Each structure stands twice: as structure tokens, then as C-alpha cells.
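This chain uses plain numbering: 1 for the first residue, then up along the sequence. From a predicted model like this one, the values you see are computed outputs, not experimental measurements. All heavy atoms count here, side chains included; hydrogens, waters and symmetry mates do not.
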Amino acid sequence: MKLFVKQTKPVGNITLMAIFAAILASFSLFMAFVPFASFVLAFFLPLISAMVAYFVEPKYLPIYIIGSIALCLGVSFFNIGDTVFIVIPSVFSGCFYGLLRSKRIPSQMLVALTAVLQFILNILAFFILKTITGVDVIDVALKLVGFSESAHIRDIVPAFILAYSFAESVVNLLVIEIVTSKFSKDSFDMPYERFLSPILGFAFGALSILFAFIYSPVAYVSLFASIFFSFVGSHLLLEKRPIWVYVLLVILLIASLFMYALFNQFFHEGTELNLTSVFSMSIAFTSFVSIFENKRVKI
């Protein structure tokens, strides 16, 4: 049986699911005995389930999800924290990615949707675990890396979890494309996506500044989202554009520098970093303007 091909027979589907469930359980068990390994292995866990969801028939996925979670809970029952907070969310987000991969969805949107799901599942797992066991896994992790006493560090943790989720999704994308030996051009170029990334980059930048005065964790999450979508949307600027588009970008970036210098004094301690979103907003705005300049774009 070829491993990395679409499975069409029951035996092939079941065999592939069993192999990857065993790999997932092995990683789960390894994390139980080597605590710091979770920071590295967790990075690749969604990929395991993404490969399953991509290569097996969708009707078999519920069997894989239930079976792999039960297996992981069984072999690492004495380390339920990592299983609930890391392994189980990775199973759902990985399967979600694998299923969507076969659809005509822009790759950057696919990465974003999977990362957001992973982020939501991690936050839910945190509250479930704390309610059931009383263990604060975030506090434990901060103590392990020596940051538990740092001021405002917990405000930044949600943004770190989101960034980590995005990194996991990017790994999913790269590995699956390499394994399948192709990049689906259909999933990379859809007209609405050209507008969506710059709009989201600008919108999240504005939210980052607003929530800096309301609720810091949301502000930092919005800041990261603004940076991501602005960066994704900026690929438009790598295409051939008139010189005035780049002049506009330079002017906006310089203006952003002055805005940061003038207004950061009005932000509370620990929240001034959110004002840097003016830079990502400048890039997003320029990318959006450049769309209308490009007559080749079909709306």
C-alpha cells in the first residue's frame, strides 16, 4: 500500500488511520516523559491529522478522530494536561485543514482559518482543563521558561498562542504540498482574496489600537493578525506597479513613524507596542490602493 496517496479502499483507509494514530500516540507519550519536548512536538502534531484528512475518505474521519483521541488519552492518562491542551486541539485543527485543502480556498485563507480554529480550541482546552483539574497550564509553561514574574506577560500569551497556531498551519501547508509534489494554483488565486487580506490587515490594526485602551490580550491578538494579513496582502506590491504606489508606501511608513513617536506616550505601560500596528496598516492600505491601479484584476 502506498502511504501518501488518496485511499479509495476500506483497508487502505483503516491502515493509514491506524499508522498515523499510532504516531500521534507515540508523540503524546513522549511529551509525557520529556516536558520540554511539547514545545517542539506540538508544532508538528496538527500535520499528522492533516495528512490523514487529506489522504483518507471523509466518511472515515470520525473513526480516526475518536480513535486517536481515545488512544492518546489511554497511553498518556497520567499526563492529561498536554493531551487536552495540545494533542486533542491538534487532531481537530489538523483534520479541518486536511478537509479544506481539497477545496478551492486561497492558501493564505486556509492557513488563517485553521490557525484560528486551533487558537479557539486551545483557549477552550485551557478553561476545560483548569475547571476539571485546577491546573493552569499557561502558568506552568511560564514558570518552565522563567517568565512567570514578567510584567504583562499573560496579556501577550494569547497572541503567542495565535502566532504558534499560524506557524503550525504554515508547516501543514508546506509539508502537504511537498508530499503531494504539487502546488494547487487554483487554491492560490481568487479575486476576492486580493481585497480580503489588505482589508483584514487594516481592520485588525485599528482594533489593536482601540483595544489597547480596553483589553490588552485582544489588542495583542489583533496586532499579530494585522501583521499577518498585511504581510500576506503585500505580495501585491511585489508585482509591477507604478512608482507612485511605492512613493505612497514610503510616505505612509514615515508618517507612521512620526505617529508612533507622538502618540505612544498616551498608551498605558505594556500596551504601547500595539501602536506599531500603524506600520502594518500603512502596508495594508497601500496594497489595497494598488489593487485598483492594477487593471488586470477581475472583480
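Checked by atom type and distance alone, the side chain of Ser290 pairs as donor or acceptor with a backbone atom of Ser287 at under 3.5 Å. Remark: the backbone N or O of Glu57 is paired with a side-chain donor or acceptor of Asn13 at under 3.5 angstrom. Although no hydrogens or angles enter the test, the distance criterion places a donor-acceptor pair under 3.5 Å between the side chain of Thr276 and the main chain of Leu273.
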List, one per line, each side-chain donor-acceptor pair under 3.5 Å for residues 122-131, sequence neighbours excluded.
unit_1	atom_1	unit_2	atom_2	d
Asn122	OD1	Gln118	NE2	3.4
Asn122	ND2	Phe85	O	2.7
Thr131	OG1	Phe127	O	2.7

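No continuous path of ILVMFWY side-chain contacts below 4.5 Å connects Ile254 to Phe263, so the two sit in separate hydrophobic clusters. Note on Leu99 and Ile66: separate hydrophobic clusters, where clusters join Ile, Leu, Val, Met, Phe, Trp and Tyr whose side-chain heavy atoms are under 4.5 Å apart, directly or indirectly. In the hydrophobic clustering of ILVMFWY residues, with side-chain heavy atoms under 4.5 Å counting as a link, Trp244 and Leu252 come out together. Both Leu210 and Tyr215 are assigned to one and the same hydrophobic cluster, defined by single-linkage of ILVMFWY side chains at heavy-atom distances under 4.5 Å. Cluster annotation: Tyr246 and Ile251 are assigned to distinct hydrophobic clusters (Ile/Leu/Val/Met/Phe/Trp/Tyr, side-chain heavy-atom contacts under 4.5 Å, transitive).
When side chains are defined from C-beta on, Val289 does not count as touching Val245, because their heavy atoms never get closer than 4.5 Å. A 4.5 Å side-chain heavy-atom check between Leu45 and Met31 finds at least one atom pair inside the cut-off. Counting only heavy atoms from C-beta outward, the side chains of Phe267 and Phe213 approach each other to under 4.5 Å. Residues Leu24 and Phe20 have side chains not in contact (no heavy-atom distance under 4.5 Å, counting atoms from C-beta outward). Annotation: side chain of Ser49 is in contact with side chain of Tyr64 (closest heavy-atom distance under 4.5 Å). Considering only heavy atoms from C-beta on, Cys95 comes within 4.5 Å of Ile65 through its side chain. With contacts defined as side-chain heavy-atom distances shorter than 4.5 Å, the pair Phe27/Ile48 qualifies. Using a 4.5 Å heavy-atom threshold, the side chains of Tyr60 and Pro10 count as touching.
By the 6.0 Å contact criterion, CZ on Phe96 is enclosed, its count of non-hydrogen atoms from other residues, nucleotides or ligands being greater than 12. With a 6.0 Å radius and a threshold of 12 heavy atoms from other residues, nucleotides or ligands, Tyr164 has its OH atom above the threshold. Atom CZ of Phe231 sits in a sparse spot, with 12 or fewer heavy atoms from other residues, nucleotides or ligands closer than 6.0 Å.
Listed by chain and residue number, nothing satisfies the ring pair (Phe, Tyr, Trp, His ring centres under 6.0 Å) test with Phe119 (two or more places apart in sequence, or in another chain).
If you look at Phe224 and Phe166, their ring centroids are closer than 6.0 Å. Not less than 6.0 angstrom separates the ring centroid of Phe204 from the ring centroid of Phe211.
For the atom pair CG of Leu262 and CG of Asn264, the computed distance is 8.5 Å after rounding to the nearest 0.5 Å. Note that OG of Ser93 and CG of Leu47 are 10.5 Å apart. Values are rounded to the nearest 0.5 Å.
Shown here for Pro158 and Pro217, the closest heavy-atom pair between the two residues is CG-CB, 4.0 Å. The shortest non-hydrogen separation linking Ser169 to Ala115 is OG-N, 3.3 Å. Residues Cys72 and Val87 share a closest heavy-atom pair of SG-CG1, 3.8 Å. Heavy-atom minimum distance, Thr83 versus Pro89: O-CD, 4.4 Å. Closest of all the heavy-atom pairs between Leu196 and Met109 is CD2-SD, 3.4 Å. When all heavy atoms are compared, the tightest approach of Pro46 to Glu168 is CG-OE1, 3.6 Å.
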Checklist entry - After noting the C-alpha distance and the side-chain angles of Ile120 and Phe92, does the key distance pass the side chain to side chain contact (heavy atoms under 4.5 Å, CB included) rule? => result CA-CA 11 Å; Ile120 293 173; Phe92 285 102; over 6 Å; no

Checklist entry - Taking it one step at a time, do Leu162 and Phe228 satisfy side chain to side chain contact (heavy atoms under 4.5 Å, CB included)? => result CA-CA 11 Å; Leu162 181 63; Phe228 173 81; over 6 Å; no

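Checking Ser222, Ser226, Ser277 one by one against Ile209, the side-chain contact (heavy atoms from CB on, under 4.5 Å) holds for a single residue, Ser277.
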